[in-house]
There are 2 protein chains.
Amino acid sequence: MDIRSILLGFLMHDSMTGYDLKKAFSISFSFFSGLSYGSIYPALRKMEKQGLISKRLEIRSDGPNRKIYTITDAGKAAFLDALRVPLPRDQPKSPFLMRLFFFTHLSPEERQAIVVNYLSFVEETRRQMEIARPEIEARADRFQFLCYEFGLRFFSDLTRNLAQVVDSLDEEEKEERK
Amino acid sequence: MDIRSILLGFLMHDSMTGYDLKKAFSISFSFFSGLSYGSIYPALRKMEKQGLISKRLEIRSDGPNRKIYTITDAGKAAFLDALRVPLPRDQPKSPFLMRLFFFTHLSPEERQAIVVNYLSFVEETRRQMEIARPEIEARADRFQFLCYEFGLRFFSDLTRNLAQVVDSLDEEEKEERK
DNA sequence: AGGAGCATGTAAGCGGTTACATGATTTA
DNA sequence: TAAATCATGTAACCGCTTACATGCTCCT
């Protein structure tokens, strides 16, 4: 699922500007992924050329002009097609796993520091997700909420697994010192 | 951690050709990530220019000639630096989550099919990891094995969470039919 | 007067994939 | 003799980020 399908997905719900799309995405998905203007605006132009969305220029006196994009029937069809494309296998290309893989080249102290630091990072993300819960409960549909809960569990599991790694490192260090 | 650091990491252990590097990576990391020749060979040339690795041409009669790369002292230093760079926050950019987020646009049958299909995919990956266990136990160091176990737990957790999503979908469908 | 927020965009570059191209040797 | 494995590489392209550039309005 590329960026274009995601933009179409949001436009299924409502017509918006590129700016709005970025906001909508950030609110719903800040914990999973980011989207920058540098990819949004070119994507919108391309999709307009392909007839997946249509543009309406709104001239305003109380602010900068806006380009409001609306999904077309062709766009809706393209979006549904994209939803139905078989999923690729998930590859958790985690930078952390890469580090762990080469831990033998670091000192015990450095290893500990990396894992503990990463762990606190993950826990912080999880806390932030919990803070955002009421807002998500308010605006998300049931599937989007399912998505949110899935994410929460993901980070909980990650926390638990990282704690286990910390334990393993502790034990090994003790044995080394014997 | 980019591709170059990973290649350096493998070269820390032993001198190898580009072909060998791809194999080494595939064996250790097939479940997490892939690496193609289209990125390996240019990366090796670049790193040679930068003095991070050195090349030795081996002319053979019993097969194609090989370019064997060896990490230099500068390369070792660069690798350790890369290991110590603070980790970015993990973003589980899962294509599955994106689908789930827009599930409202699909029929209950299609939703079920996607999740169940994905679930079987994940379970299959997990099975393959378990099959590979003896080989990994044989060749991996303790941190690499920690890595393997971490991955296993990741897929177990994913399986569990997906099963929960299936349950949620089932319940909602039942309620809808009332 | 200055900063935050609204709004749109471009250019350069990074990191990577896919498909293509070549050619040798070993195994079935 | 065909297929698999060994071995190296290029060209075109994709998707995305970062940094830059512009300019307006509202609030303090």
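Quick note on labels: first sequence line is chain A, next is B, and so on, each numbered from 1.
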Tyr19(A) side-chain N/O to dC6(C) phosphate OP1/OP2 under 4.0 Å: yes
Closest listed nucleotide, where the reference is the side chain of Thr17(B) and the choices are dA7(D), dT8(C), dT10(D): dA7(D)
Distance-only side-chain donor-acceptor flag, Arg126(A) / Ser156(A), under 3.5 Å: yes
d(CZ, Arg45(A); C1', dT8(C)) in whole Å: 11 Å
N or O in side chain of Ser36(B) less than 4.0 angstrom from dG16(C) OP1/OP2: no
Earlier contact from the 5' end, DNA chain D, for Arg66(B) and Arg4(A): Arg66(B)
Integer-rounded Å distance: dA7(D) P and Lys55(B) NZ: 16 Å
Distance in Å, Glu149(B) CD paired with Leu100(A) CG, rounded so as to fall on 0.5 Å steps: 10.0 Å
Side chain of Pro42(A) (C-beta onward), nearest among dT10(C), dC6(D), dT8(D): dT10(C)
Separation of dG16(C) P from Asp2(A) CG (nearest whole Å): 20 Å
Atom CZ of Arg142(B) with >12 non-hydrogen neighbours under 6.0 angstrom: yes
Euclidean distance, atom CG of residue Asp62(A) to atom C1' of dG23(D) [Å, nearest integer]: 15 Å
Between P of dG23(D) and OH of Tyr37(A), the distance in whole Å: 19 Å
Interatomic distance, Asn65(A) CG vs dT22(D) P [rounded to whole Å]: 19 Å
Value in whole Å for how far the P atom of dT8(D) lies from CD1 of Ile68(B): 9 Å
dA7(D) phosphate, OP1 or OP2, under 4.0 Å from Arg60(B) side-chain N/O: yes
Phe10(A) and Phe101(B) aromatic ring geometry - parallel, tilted or perpendicular at 30°/60° bounds: tilted
Centroid separation Phe145(A) to Tyr148(A) less than 6.0 Å: yes
OP1 or OP2 of dG5(C) under 4.0 Å from side-chain N/O of Lys23(A): no
Residue closer to the 5' end of DNA chain D, Ser39(A) versus Ser61(A) (nearest nucleotide): Ser39(A)
Atom-to-atom span, CE of Met16(A) to P of dC6(C) - whole angstrom: 15 Å
Along DNA chain C (nearest heavy atom to each residue), the more 5'-positioned of Leu35(B) and Gly38(A): Gly38(A)
